[in-house]
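Heavy-atom basis, side chains included; hydrogens, waters and symmetry copies ignored.
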Amino acid sequence: MVGDAHRDAGKSLRAAQNEAGVPPGIWKGRGLAAVDLQPGHAVTERQAELLLGEGRHPDADRIERELQAQGRSPAYARRATVLGRPIEHNRSPKTDRAKQRVPWLGLHWTFRPAPTAHIAWALGDDETRQALELCQDIARDKTLAWLEEAVAQIRWKGGGKHRARIKDGLIVAVFRHYESRAAESRPLLHDHVLISIRARRPDSKGTWGNLSAGPFLANIVAADTLYTLHFMEEVSARLGWAWEPREVTPGRRPVMEIAGIDQRLIGWQSTRRQQIEDALPILAAKYEKRHGHAPGERATYAIGCQAADRTRPPKRTELLSLTELRERWRASAIQTYDADVVDQLAQRARAAAAAVRARVRPAVDTELAAADVVAVVYVMRGAFKHHHLLAEARRYLSYVLRGRPHQPGLDEQIVQAVVDNYTRPAGRRMMTADLHALYPRETEDQAVLRPLTRKRSASPYERARLAADALRVRVQAVRRAERLGFRARPSTVAVPAAARSRPRPIHSSPKAGRAPEEGTDIDTVEQTRRTLAEAALARVQEGARERALTYGPYPRPAPAARPLSRPEHPGTQHAPGRASGGIA
């Protein structure tokens, strides 16, 4: 609530927030009406203490005074202000499980845009800063609304084993911070969101209960990709900028950044990341010396968290407002690089956006999107759930559209197409890719994705991208075969012109005594595409010959007479079946 700053005893919350340079928190969520709160109102210290610290009504003091004035006992008045089960029950030694003795009353999420957005927010003019803050507000609120409608579930009946949708909505406290924990203060526009665990059940009485944490934890990545998608759309609509992928770690997923902003400014802004990366080799060496082997995936993640904790410096102690912080950031960026890099930031972003829009068509093909999503998720996970597909579908939309608005529900349509056409059950609440559905007639090609799952010399994402390219080539080859065979297609949609950035070729050396592992690189994908296209054309020609031998040749219609009123244009030839505009 005070930006992790030091707060002296007896100092008011608002005074501490002014000294820390952070604005007061605000209430959000559709569940505020149930506790007599208004969206956008400031979060007071007593309200946060009662709701987020004790699980009680935010105005419990007034309710207790009114009940005691009516002759009720203090114990009854206190129990009447508790939302759901009192926390004293969890602290009792009679609790069934020991871990319930420490009650949890909320979820803490952080909403943070891409690094280039921090840079533009910190170094741009006031109009740009206000526009980016508005984009942050809209993207965050839309994501919270999706959590309320599609994710939030409450415990109900049977000892809390059953789940049900909440009645009203969530009760959320939002706190905005402006800077990171780097040794030298760096811009970092982000929101800390505290979601109260208390919510009302969908019964006639509107009883209070506890949210189920499982759905929230399972949908963290899906919520993150939705927030990024909405933020990109708002920035493009309000500032006219576009987005492009940037590879942070070789072989890993790229991140979407604002096009045209100098990449050197990212290194200037993310000094905290460099501090963590410098501490990782030392901690990894200690782990290897202690255990006798290199750390695995889980151990690497734990070492990263340990490095972040050990290198976490205290926040600044001097009192600076946001205006003073932006002046300091601007002077630091100019001193590090050049005034032209900072002053021309918005103009270069607009020029780069025009180039991106001229190169990339903002159109989505649902069939190609479904093939891309199922290939990536299958290679990286094997078995997956609905929220894995939803997160990947939103990543696909953010890459293809580059900030252009998408049709509401398009991500769910892509996921539904994957579930209906390309998956099969794989255990309890799990599914996997159905290779027979992906390759219904070409049984010899059903193993195209299998070598990619076993090629350990490449990163999972590189193998996933190669699998997606191979599957997309097959879908396009089938479409060409249908067009050559004059088969009716259900619908025609525009396909993005710019292909996804191609991964680097994979070079692997076979081990001694073992057969070389089958590789799938760009050349192999192209050869597969040509082979499928030739095979499809051969099948179509063979079918045409069989129809000609059975039914005879198709009668050709007589040429239509040209209208006399239409003048002839010498030297102008029109290709049959082609129009002079639009999309073919």
Side-chain angles (χ1 to χ4, degrees), residues 1 25-64 66-67 75-92 95 97 99-109 140-141 143-175 191-220 223:
M1 298 182 71
I26 58 175
W27 291 109
K28 289 288 183 180
R30 295 187 303 183
L32 295 177
V35 291
D36 302 327
L37 293 175
Q38 296 295 328
H41 285 195
V43 180
T44 64
E45 182 177 5
R46 184 56 179 166
Q47 289 173 346
E49 180 181 357
L50 289 171
L51 179 62
L52 302 175
E54 299 179 6
R56 301 169 63 195
H57 195 283
D59 201 9
D61 296 335
R62 178 188 59 82
I63 298 175
E64 286 186 1
E66 293 178 354
L67 291 176
Y76 178 87
R78 175 180 174 81
R79 182 65 184 86
T81 62
V82 175
L83 306 180
R85 175 180 292 180
I87 59 176
E88 289 80 2
H89 173 81
N90 300 82
R91 293 173 178 172
S92 173
T95 305
R97 291 180 293 180
K99 68 178 183 180
Q100 292 183 349
R101 296 178 185 175
V102 180
W104 65 282
L105 295 172
L107 295 166
H108 176 205
W109 284 29
R140 180 203 62 220
D141 293 344
T143 306
L144 291 176
W146 175 75
L147 291 174
E148 289 179 325
E149 296 174 359
V151 176
Q153 296 180 4
I154 193 169
R155 298 175 179 272
W156 202 7
K157 298 180 180 179
K161 296 181 180 179
H162 297 279
R163 303 289 187 268
R165 294 296 182 187
I166 57 178
K167 182 176 183 179
D168 303 311
L170 300 175
I171 303 175
V172 181
V174 179
F175 302 93
D191 293 335
H192 292 274
V193 174
L194 300 182
I195 304 175
S196 174
I197 191 180
R198 305 301 192 188
R200 291 208 299 176
R201 297 187 179 95
D203 53 11
S204 58
K205 297 181 180 180
T207 57
W208 289 86
N210 293 341
L211 294 173
S212 177
F216 282 93
L217 299 178
N219 286 273
I220 286 179

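- By the side-chain contact (heavy atoms from CB on, under 4.5 Å) test, Q47 is found to be paired with W27, L37, T44, P58, residues two or more places apart in sequence or in another chain being considered.
- Heavy-atom minimum distance, G40 versus I26: O-CG2, 3.7 Å.
- G209 and R201 get closest at one heavy-atom pair: CA-NH2, 3.6 Å.
- Once rounded to the nearest 0.5 Å, the distance linking CG of L170 with OG of S196 reads 9.0 Å.
- Of all heavy-atom pairs spanning I154 and A199, the tightest one is CD1-O, 3.2 Å.
- Looking at R165, its side chain does come within 3.5 Å of a backbone N or O of A150 through a donor-acceptor pair.
- Residues H192 and H108 approach most closely at ND1-NE2, 2.9 Å, considering heavy atoms.
- Take R30 and apply the side-chain contact (heavy atoms from CB on, under 4.5 Å) test, not counting sequence neighbours, and it matches E148, E149.
- Side-chain polar atoms of R155 and S212 form no donor-acceptor pair below 3.5 angstrom.
- Contact annotation: the side chain of I166 approaches that of L211 to within less than 4.5 Å [non-hydrogen atoms, C-beta and beyond].
- When side chains are defined from C-beta on, L32 counts as touching I171, because their heavy atoms get closer than 4.5 Å.
- Summarising the geometry, atom CG belonging to L105 is positioned 10.0 Å from atom CG belonging to L83; distances are rounded to the nearest 0.5 Å.
- Separating the CG atom in L50 from the CG atom in D61 is a distance of 5.5 Å, to the nearest 0.5 Å.
- With sequence neighbours left out, V82 forms a side-chain contact (heavy atoms from CB on, under 4.5 Å) with R56, R79, P86.
- We find the CG-NZ distance between L144 and K28 to be 9.0 Å, quoted to the nearest 0.5 Å.
- Note: W146 CH2 to D141 CG = 15.5 Å, rounded to the nearest 0.5 Å.
- Considering only heavy atoms from C-beta on, V193 comes within 4.5 Å of R140 through its side chain.
- Looking at every heavy atom in both residues, W109 comes nearest to N219 through CH2-O, 4.4 Å.
- The nearest pair of heavy atoms linking R200 to A34 is NE-CB, 3.9 Å.
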Kindly indicate, with the supporting measurements, whether the criterion side-chain hydrogen bond (donor to acceptor under 3.5 Å, both in side chains) is fulfilled by N210 and R85. CA-CA 8 Å; N210 293 341; R85 175 180 292 180; over 6 Å; no
